[in-house]
Amino acid sequence: MTKTLLVLGSANADLVVEVGRRPAGGETVLGGDTVVLPGGKGANTAVAAARVGASVALVGAVGNDGYGSLLRESLESSGVDSSLVRTSERPTGIAYITVTPDGENSIVVSPGANADVSPSDVDALSFDGVSVLTCSLEVPLETVIHAIDVAADAGVRTVLNLSPVAELPAETFKQLDTLIVNEHEAAQLVSDWRHLLRLGPKTAIVTLGSRGVAVVLPAGVEEVPSIEVDEVVDTTGAGDAFAGAFSARLAEGDRVVVAAEYAVKVAALSVTKAGAQPSYPTAAEVSSLAAG
Ligand code: RIB
């Protein structure tokens, strides 16, 4: 069945441990019990989009192991089409995540099967009926570059969450409808993020954490403030929640700023619960926020 949103990216098992503080080099600290949760920037983005009602499929790969089953179950129970998630001979990707009491996280990713997502997976796709392709970068860069190229040629809108940041060809930047980066990633690309469009994308969004996002348009910058939340529990996957909800609304025909206004609410709600995918709100939860 045709989906209007395709997400290309990673699927990881997140091994999460709460720590009082991060260890310095050569140091050992004790943490809480390890919790295993479905994650990965691609899977997170797809789940966030599906929870708010998008018709979405994930293009990616997992291993033939228990973590792969965990990820498939999370995708399917959230309404994401996982038929384009290949089973690789490599193990499912794992993210080792520490979360400190302020809700901040640090992550080490072992890509595993994600490293197997290849340009030939893109060549096997049909873009008929697809209105938006959204990519992130825990899968091989050459695959993402190829996907953006093929999608742009097919008239599909392209969104890239450039996380983790990587060097992109100038041509790829020019093929982007929307580039999404956080402040740190933006600083690695340009000295002033208000100049991101000089790289070539039609629009850019800089995520600013609890301050919301800045939407960079040819006509100037529009700031979209976040909403206040009572308690920040865990910021893991908040950027993916934004990218997923933004892409979902874009695929429904919203303008970039309107889609960003919706997505900041989704990202803000996501930090009030532990984990990435388990923390993503439904469309009804986002609406009740607006009503409250
Ligand atoms: O963006 C958060 C995600 O980054 C986690 O779910 C982890 O899997 C890493 O990919």
Side-chain angles (χ1 to χ4, degrees), residues 7-18 22 34-51 58-63 65-75 78 80 85 88 90-100 103-117 134-141 143-144 159-166 180-185 205-209 213 232-247 263 266-280:
V7 174
L8 172 81
S10 63
N12 297 327
D14 288 354
L15 273 49
V16 186
V17 61
E18 289 184 10
R22 287 188 186 86
T34 298
V35 179
V36 182
L37 297 171
K41 294 187 193 305
N44 293 348
T45 300
V47 166
R51 290 261 169 85
L58 176 68
V59 183
V62 295
D65 49 34
Y67 291 152
S69 308
L70 170 82
L71 281 152
R72 286 190 188 280
E73 273 160 32
S74 178
L75 291 167
S78 304
V80 177
V85 177
S88 157
R90 298 184 64 165
T92 299
I94 295 178
Y96 300 92
I97 303 181
T98 52
V99 181
T100 44
E104 266 302 334
N105 63 73
S106 347
I107 305 179
V108 174
V109 172
S110 164
N114 296 304
D116 255 1
V117 183
T134 297
C135 302
S136 49
L137 283 179
E138 286 174 345
V139 292
L141 183 59
T143 307
V144 172
V159 176
L160 175 63
N161 184 11
L162 193 58
S163 180
V165 78
I180 302 176
V181 282
N182 65 28
E183 285 173 283
H184 309 289
E185 291 154 354
I205 294 180
V206 184
T207 58
L208 305 168
V213 303
V232 176
V233 174
D234 183 359
T235 59
T236 307
D240 307 331
F242 176 86
F246 172 78
S247 304
V266 171
L269 286 173
S270 78
V271 305
T272 64
K273 292 184 187 160
Q277 292 170 37
S279 71
Y280 296 160

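Computed from a predicted structure; not experimentally measured. In each ligand, atom 1 is the first atom listed, and ligand 1 is the first ligand listed.
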field: Side chain to side chain, Ser163 and Lys41, heavy atoms closer than 4.5 Å
entry: yes

- request: Output yes when a side-chain donor or acceptor of Thr143 lies under 3.5 Å from a complementary backbone atom of Val117, and no otherwise.
  value: yes

message: Between Arg90 and Pro111, is there a side-chain heavy-atom distance shorter than 4.5 Å?
response: no

N or O contacts of ligand 1 with protein under 3.5 Å, please list pair by pair.
from, atom 1, to, atom 2, distance (Å)
ligand 1, 1 (O), Lys41, NZ, 2.8
ligand 1, 1 (O), Asp240, OD2, 2.7
ligand 1, 4 (O), Lys41, NZ, 3.1
ligand 1, 6 (O), Asp14, OD1, 3.4
ligand 1, 6 (O), Asp14, OD2, 2.6
ligand 1, 6 (O), Gly40, N, 3.1
ligand 1, 6 (O), Asn44, ND2, 3.0
ligand 1, 8 (O), Asn12, ND2, 3.1
ligand 1, 8 (O), Asp14, OD1, 2.6
ligand 1, 8 (O), Gly40, N, 2.9
ligand 1, 10 (O), Asn12, ND2, 3.0
ligand 1, 10 (O), Glu138, OE1, 2.7
ligand 1, 10 (O), Glu138, OE2, 2.8

- line: Applying side chain to side chain donor-acceptor pair (under 3.5 Å) to Asn105 and not counting sequence neighbours gives Thr235, Thr236

Pairs of donor and acceptor atoms involving the side chains of residues 269-276, under 3.5 Å and at least two apart or interchain, shall be tabulated with distances.
from, atom 1, to, atom 2, distance (Å)
Ser270, OG, Ala267, O, 2.7
Thr272, OG1, Leu269, O, 2.6

Residues which pass side-chain contact (heavy atoms from CB on, under 4.5 Å) with Leu15, listed by chain and number, not counting sequence neighbours: Ala13, Thr34, Val36, Tyr67, Ile94, Tyr96

